[in-house]
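See below for the structure under consideration.
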Amino acid sequence: QSKRAATKTKSVLDPDKVLIVYLSRTNNTKAIAEIIHENVGGTLVALELVNPYPGDYKKIVQQVVEENETGFLPPLKTKIENFDRYKVVFIGFPTWGMQLPPPMKSFLRQYDLGGKTVVPFNTNAGYGIGSSFDTVKELCPGSKILEGFSIKGGVERDGILFVMEGEKERQARDGVRKWLQKIKMKTP
Ligand SMILES: Cc1cc2nc3c(=O)[nH]c(=O)nc-3n(C[C@H](O)[C@H](O)[C@H](O)COP(=O)(O)O)c2cc1C
């Protein structure tokens with residue numbers, strides 16, 4: 001009985017080799033990152049910027065449009081120690097302007113993920129992942145990229161910020177668990 005229970009929650013991964021990096025403004029992607037972390041363990045890291053984005057929604061939307069147009073890569077305050085030791089890197093981000101957010105582009109440009117397994121996950125306002133997962137593939141040519149996970153999060157435009165609580169959180173927990181099993185990052 002106890003052995004079965006132990007197997008049930010067992011990750012197939014060596015937690016020392018797992019990194020979970022995420023970008024999150026209103027904490028929805030952070031909640032998914034934490035659920036992944038509960039399931040597979042590893043090191044959980046939030047991406048922080050040297051120059052944080054404006055709090056005002058219209059201003060950040062405009063800034064991201066400009067950064068996407070110019071290809072600007074915002075410098076990261078976050079530094080990841082011993083990056084070489086990680087074999088599996090989960091990367092989480094919201095959809096911004098139907099694209100991969102510039103800070104995650106910075107991360108993928110700055111760190112060499114060649115030879116590693118990369119696993120994307122995402123929250124969005126209901127319009128989906130846009131081109132974000134494709135951009136991850138482009139920026140990680142030497143990586144093995146597994147099927148990603150995406151779920152509807154907040155709708156900041158309409159004043160809906162954090163939603164990962166109550167029934168929604170249970171749904172997310174269920175969805176993440178099934179996905180991790182499907183991609184064989186967790187035993188059934
Ligand atoms: C600058 C900006 C741009 C966004 N663009 C989109 C978009 O193109 N499509 C979409 O579905 N949601 C978009 N959203 C909504 C977020 O993807 C959604 O609220 C997400 O759950 C936020 O994740 P977070 O709580 O981890 O920050 C945008 C939000 C921001 C702040």
Side-chain angles (χ1 to χ4, degrees), residues 18-40 42-78 80 89-109 111 118-139 146-180:
V18 176
L19 175 67
I20 304 167
V21 180
Y22 66 91
L23 173 76
S24 191
R25 171 176 164 89
T26 47
N27 294 332
N28 295 289
T29 311
K30 179 185 183 196
I32 301 301
E34 287 171 349
I35 294 170
I36 294 170
H37 187 241
E38 285 165 22
N39 280 276
V40 302
T43 305
L44 189 60
V45 176
L47 276 193
E48 289 185 82
L49 300 177
V50 172
N51 304 305
Y53 282 106
D56 181 75
Y57 178 69
K58 285 202 174 110
K59 283 191 183 145
I60 185 182
V61 167
Q62 186 51 36
Q63 187 171 328
V64 168
V65 165
E66 287 164 14
E67 290 178 355
N68 282 337
E69 275 172 11
T70 59
F72 177 72
L73 298 176
L76 303 175
K77 188 168 111 187
T78 306
I80 295 164
V89 182
F90 287 84
I91 53 170
F93 43 83
T95 306
W96 280 2
M98 296 317 282
Q99 297 191 37
L100 187 69
M104 194 48 84
K105 294 180 189 166
S106 297
F107 170 75
L108 296 178
R109 286 269 186 229
Y111 290 88
V118 172
V119 197
F121 61 99
N122 163 274
T123 74
N124 59 75
Y127 299 95
I129 57 172
S131 60
S132 65
F133 284 11
D134 285 339
T135 302
V136 169
K137 281 184 195 142
E138 281 162 27
L139 295 179
L146 302 188
E147 180 189 322
F149 176 81
S150 179
I151 188 170
K152 186 174 176 187
V155 190
E156 189 173 344
R157 191 187 59 193
D158 299 339
I160 301 167
L161 304 181
F162 182 70
V163 300
M164 297 295 168
E165 47 198 350
E167 181 52 32
K168 179 73 189 179
E169 189 193 10
R170 277 190 287 281
Q171 258 177 37
R173 212 169 274 284
D174 241 42
V176 167
R177 230 183 271 128
K178 286 190 181 122
W179 162 67
L180 288 172

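Atoms within each ligand, like the ligands themselves, are counted from 1 in listed order.
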message: Restricting to non-hydrogen atoms, name the atom on P103 and the atom on L76 that form the minimum distance, rounded to 0.1 Å.
response: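 So the minimum-distance heavy-atom pair works out to O-CD2, 3.8 Å.
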
Go through ligand 1 atom by atom and flag the ones less than 4.0 Å from a non-hydrogen atom of [X].
X: M98; value: 7 (C), 8 (O), 9 (N)
X: S24; value: 24 (P), 25 (O), 26 (O), 27 (O)
X: G126; value: 11 (O)
X: G153; value: 21 (O)

query: For K168, does the NZ atom have more than 12 heavy-atom neighbours from other residues, nucleotides or ligands under 6.0 Å away?
result: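 Check passes, neighbour count above 12.
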
So, regarding [X] and ligand 1 (criterion: nitrogen or oxygen to nitrogen or oxygen, under 3.5 Å), is there a contact or not?
X: V64; result: no
X: Y127; result: yes
X: I60; result: no
X: K30; result: no
X: G154; result: yes
X: N28; result: yes
X: G97; result: yes

message: Checking a contact table here: which protein heavy atom is nearest atom 28 (C) of ligand 1, and how many Å away?
response: T95 O, 3.4 Å

- line: The protein heavy atom nearest to atom 2 (C) of ligand 1 is W96 CD1, 3.5 Å

- prompt: Given that the side chain starts at C-beta and the backbone is N, CA, C, O, which of these parts of F162 lies under 4.0 Å from ligand 1, counting heavy atoms, or is it both or neither?
  reply: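 Near ligand 1, F162 shows nothing, with every heavy atom at 4.0 Å or more.
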
- request: Specify side chain, backbone, both or neither for N27, according to which of its non-hydrogen atoms lie closer than 4.0 Å to ligand 1.
  value: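 Backbone only.
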
task: Decide yes or no for M104 and I91: does some side-chain heavy atom of the first lie under 4.5 Å from some side-chain heavy atom of the second?
output: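 Yes - at least one pair of side-chain heavy atoms lies under 4.5 Å apart.
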
field: Proximity winner for atom 21 (O) of ligand 1, if only heavy atoms of T29, T123, L23, N122 are counted
entry: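 The nearest heavy atom belongs to T123.
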
